[in-house]
Amino acid sequence: LFYVVPLDPEHSGTDGEMLIMVRDRTEQRKLERMRTDFIANAGHELRTPLTSILGFIETLQGHAKDDPDARERFLKIMQAQTERMLRLVKDLVSLSALELNERRLPEDVVDLREVAETVCEMMDPVAKNAGAEMVPGPLDGPARITGDRDQLIQVAQNLVDNALKYGERPDGTPTKVHVSVGRGPSLAFENADRSGDSPEQIAVRAGCRPDDLRFIRVRDEGPGIDRNDLPRVTERFYRIDVERSSAKKGTGLGLAIVKHIVGRHRGGIQIESAENRGAAFTCYFPPQVHSEAEAPAQD
Ligand code: ADP
């Protein structure tokens, strides 16, 4: 904001005007704060496995040196901790690569149905291993958007991965992961808690009609997500029940990456959850991210 203030010659000894500039730095401060928080969190997450590995190395050099059983056990733990660090570094690199390319708009024509089919096929062995089942569909009609295919595959893969990790049925029977694709607002999960953006809000933001939106939706039949945690699960490093989540090979970055990618495509996520009936993540996208003047992706 600029203010032009007339000077009072009696007090300032001169007449004329003074220009006052007022800049609101709240947003900038918030961003700086987020960045330092992020680095502190990342540092902490990396330090934990490293400290544990160092501890085991010292034990192996000391009293466990001549104990083959202990050696075997400790090496296994060190391997698991190293794998965890690798996952974390991979996720951190993904996030920063996304931020680096922020200004480059995604521009391929991508069919979300093909993305869903690819991910279902890719995750089928993982699902079988976890005693779960991938259920593609309904995947009716093409649902094309302008986007980045690899990133959209990562979105679907992270959501399916979570459904497999956290979506076990409370009674222990094999869970099903439903992956569907469509146009317009998705069928809602009945009597569920909701968080995130509604299709109407997403459409307004993206400058299209709700009926023009395309979506990809991943639903599981697990315990669901507590309504207090629901609005926070897409935050970086947010994990519910850290003990359980860590055991399940989480980094707390999976949904933050999903949110970031969906945001780059000018879309939004709606999260639904019903206790002991499951959680559903629906990612909505406008058909195109380009300016109005350019040709839309044709179905
Ligand atoms: P993580 O790498 O820990 O899986 P995410 O960002 O992917 O991190 O998820 C954040 C947290 O949200 C998870 O730790 C888990 O507690 C919860 N969560 C994610 N997806 C589901 C789901 N389908 N059902 C229940 N809880 C979930």
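Everything numeric in this text was worked out from a predicted model, so none of it was measured. Just so you know, these numbers use all the heavy atoms, side chains as well, and skip hydrogens, waters and symmetry mates.
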J.: Pairs of donor and acceptor atoms involving the side chains of residues 38-49, under 3.5 Å and at least two apart or interchain, shall be tabulated with distances.
T.:
unit_1 : atom_1 : unit_2 : atom_2 : d
Asn41  : ND2    : Asp37  : O      : 3.4
Glu45  : OE1    : Arg84  : NH2    : 3.1
Glu45  : OE1    : Arg239 : NH2    : 2.9
Glu45  : OE2    : Arg239 : NH2    : 3.3
Thr48  : OG1    : His44  : O      : 2.9

J.: Can you classify the ring geometry of His265 versus Phe285 as parallel (below 30°), tilted (30 to 60°) or perpendicular (above 60°)?
T.: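 The rings of His265 and Phe285 stand perpendicular, inter-plane angle above 60°.
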J.: Could you note down all residue pairs passing ring pair (Phe, Tyr, Trp, His ring centres under 6.0 Å) where residues 176-234 supplies at least one of them, sequence neighbours left out?
T.: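 Sorted result for residues 176-234: Phe215-Tyr284.
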J.: Does a side-chain heavy-atom distance below 4.5 Å link Leu98 with Arg264?
T.: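 Result yes, sub-4.5 Å side-chain heavy-atom pair found.
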J.: Where the side chain of Arg214 meets the backbone of Ala143, is there a donor-acceptor pair that is under 3.5 Å apart?
T.: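 Between the backbone of Ala143 and the side chain of Arg214 there is no qualifying donor-acceptor contact (under 3.5 Å).
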J.: Kindly say whether Glu190 contributes a backbone atom to a donor-acceptor pair with the side chain of Arg277 at under 3.5 angstrom?
T.: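 Such a contact is found between Arg277 side chain and Glu190 backbone.
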J.: Establish, from distance only, whether the side-chain atoms of Thr251 and Asp91 form a donor-acceptor pair under 3.5 Å.
T.: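 Thr251 vs Asp91: donor-acceptor pair found between side chains.
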J.: If only side-chain N and O atoms count, and only distance matters, is there a donor-acceptor pair under 3.5 Å linking Thr36 with Glu32?
T.: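 On atom types as modelled, these side chains do not qualify, holding no pair under 3.5 Å.
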J.: Between Asp220 and Ala279 (side chain of the first, backbone of the second, donor and acceptor by atom type, cut-off under 3.5 Å), is there such a pair?
T.: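 Yes.
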J.: Do Met21 and Leu19 sit in one hydrophobic cluster, given that two such residues count as connected whenever their side-chain heavy atoms are within less than 4.5 Å of each other, even indirectly?
T.: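 Same hydrophobic cluster.
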J.: I'd like to know if Asp212 and Arg209 make a salt bridge, using a cut-off of under 4.0 Å between side-chain N and carboxylate O.
T.: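 The answer is yes: the pair qualifies as a salt bridge.
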J.: Side chains of Thr175 and Glu221: do they bring a donor and an acceptor to under 3.5 Å?
T.: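 No.
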J.: Between Arg205 and Glu200, does at least one N-O distance fall below 4.0 Å, as a salt bridge requires?
T.: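 Glu200 and Arg205: not salt-bridged.
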J.: Salt bridge or not between Glu114 and Arg149? Use side-chain N to carboxylate O under 4.0 Å.
T.: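 A salt bridge is present here (some side-chain N lies under 4.0 Å from a carboxylate O).
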J.: For residues 65-72, tabulate all N or O donor-acceptor pairs below 3.5 Å that involve a side-chain atom, not counting sequence neighbours.
T.:
unit_1 : atom_1 : unit_2 : atom_2 : d
Asp67  : OD1    : Asp69  : N      : 3.1
Asp67  : OD1    : Ala70  : N      : 3.2
Arg71  : NH1    : Lys65  : O      : 3.3

